[in-house]
Amino acid sequence: MYWKTYSNIDTWQFWVMITFFIVPLILLVFMIDRKKAFRIGFYGLVVHVFAFYSDLYGTTQRLWEYPYTLTPFSPSSFGLDASLIPVTYMLLYQWTVNHRKNYYLYICLLAIAFAFVFKPFLSSIGLFHLVKASYGYLFLFYLAGGFFSKWMTDLFELAKERA
């Protein structure tokens, strides 16, 4: 009932969430390095899984909440977890690999941007609320997701090379 009343197709919040889902995927189609698409795609899948389960944990434990969701059956933000965050991480990962930049430095900067700029912006427009957590806590989730995703990708790359 809540979703039909507050998050349906007639609300601006729904369209913002749709934008968070669709626009990054369109950008990815045009910007992905096709020679490394499998590696970058695997990395993005790990980011997506980490983001989804972290967000699910945070919402079910009432650390934070999303008053407006894209779907009525998920308490987390599908548009962020399935598209915006993974695609942003993927494009950063691709850039660091292609330009031989320090991944860990740039993932820290991206985690800072998501935790201390993007999430407060979402809070200011009413699309995200911290309940029991802090932005510092979110930073740790974003950072852990970036580190874990790189380590898993590196592990699978190593396995592929040794095969």
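The analysis underlying the following values was restricted to heavy atoms, covering all of them including side chains, and did not include hydrogens, waters or symmetry mates.
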Exercise. Would M17 and F21 satisfy side chain to side chain contact (heavy atoms under 4.5 Å, CB included), going step by step from the backbone distance to the final call?
Worked result: CA-CA 6 Å; M17 298 310 257; F21 181 69; over 6 Å; no
Problem set entry | L130 vs Y137, side chain to side chain contact (heavy atoms under 4.5 Å, CB included): CA-CA, chis, key distance, verdict | CA-CA 10 Å; L130 286 174; Y137 199 71; over 6 Å; no
Exercise. Which is it for F128 and F121 under the ring-ring contact (aromatic ring centres under 6.0 Å, His included) test, yes or no, and what are the steps along the way?
Worked result: CA-CA 9 Å; F128 176 76; F121 168 73; over 10 Å; no
For this session: Assess whether side chain to side chain contact (heavy atoms under 4.5 Å, CB included) is satisfied between W151 and L155, documenting all intermediate values.
Result: CA-CA 6 Å; W151 296 337; L155 181 66; over 6 Å; no
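In this structure, the separation between CD on Q61 and CG on L56 is 9.5 Å, given to the nearest 0.5 Å. With values rounded to the nearest 0.5 angstrom, S134 atom OG is found 10.0 Å from W64 atom CH2. One distance of note links NZ of K119 with CG of L127; it measures 10.5 Å at 0.5 Å rounding. From K132, atom NZ reaches atom CG of L63 across 6.5 Å, with rounding to the nearest 0.5 Å. L91 CG to D33 CG: the interatomic distance, rounded to the nearest 0.5 Å, is 11.0 Å. In this structure, L84 CG and L25 CG are separated by 9.5 Å, a value rounded to the nearest 0.5 Å.
Put simply, the side chain of L122 reaches to within 4.5 Å of the side chain of F20, judged on heavy atoms. With contacts defined as side-chain heavy-atom distances shorter than 4.5 Å, the pair S54/F148 does not qualify. Proximity of S149 to Y89: side-chain heavy atoms (C-beta onward) are nowhere separated by under 4.5 Å. No side-chain heavy atom of T69 sits less than 4.5 Å from a side-chain heavy atom of F14. In this structure, the side chains of F118 and L80 come closer than 4.5 Å at one or more pairs of heavy atoms. Within the 4.5 Å cutoff, the side chain of N102 has no heavy atoms near those of the T96 side chain. R39 is listed as a side-chain neighbour of Y93, based on a closest heavy-atom distance under 4.5 Å.
In the hydrophobic clustering of ILVMFWY residues, with side-chain heavy atoms under 4.5 Å counting as a link, Y53 and V46 come out apart. Transitive grouping of hydrophobic side chains (ILVMFWY, heavy atoms separated by less than 4.5 Å) brings I18 and I9 into a common cluster. Side-chain heavy atoms closer than 4.5 Å link hydrophobic residues (I, L, V, M, F, W, Y) into clusters, and following such links, even through other members, never connects F38 to W95. Grouping the Ile, Leu, Val, Met, Phe, Trp and Tyr side chains by contacts below 4.5 angstrom, directly or via other members, places V87 with F78. Under a hydrophobic-cluster definition in which Ile, Leu, Val, Met, Phe, Trp and Tyr are linked whenever side-chain heavy atoms come within less than 4.5 Å, directly or via other members, V23 and I125 are assigned to the same cluster.
Each of L45, L28, V47 was scored for a side chain to side chain contact (heavy atoms under 4.5 Å, CB included) with M90, with one residue passing: L28.
Judged by distance alone, with hydrogens and angles left aside, the side-chain atoms of Y103 form a donor-acceptor pair with the main-chain N or O of G146 at under 3.5 Å. Side chain of H129 to backbone of S123: no donor-acceptor contact under 3.5 angstrom is found. Of the possible donor and acceptor atoms, none in the side chain of Y104 sits under 3.5 Å from a partner among the backbone N and O of F147. Between the side chain of Q94 and the backbone N or O of I40, no donor-acceptor pair lies under 3.5 Å.
Sorted by first and then second residue, the pairs that involve residues 143-155 and meet salt bridge (Lys or Arg N to Asp or Glu O under 4.0 Å), not counting sequence neighbours, are K150-D154.
Across S83 and P24, no two heavy atoms sit closer than the pair OG-CB, 3.3 Å.
Using cut-offs of 30° and 60° for the angle between ring planes, the W12 and Y68 rings count as tilted.
Checked against the 6.0 Å centroid criterion, the rings of F50 and F141 do not qualify as a close aromatic pair.
Heavy atoms of other residues, nucleotides or ligands lying less than 6.0 angstrom from CZ of F42 number more than 12. Within 6.0 Å of the NZ atom in K36, the count of heavy atoms belonging to other residues, nucleotides or ligands exceeds 12.
For K160, the side-chain contact (heavy atoms from CB on, under 4.5 Å) test picks out E157, with sequence neighbours left out.
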Contacts table for residues 105-117: side-chain donor-acceptor under 3.5 angstrom, sequence neighbours left out:
none

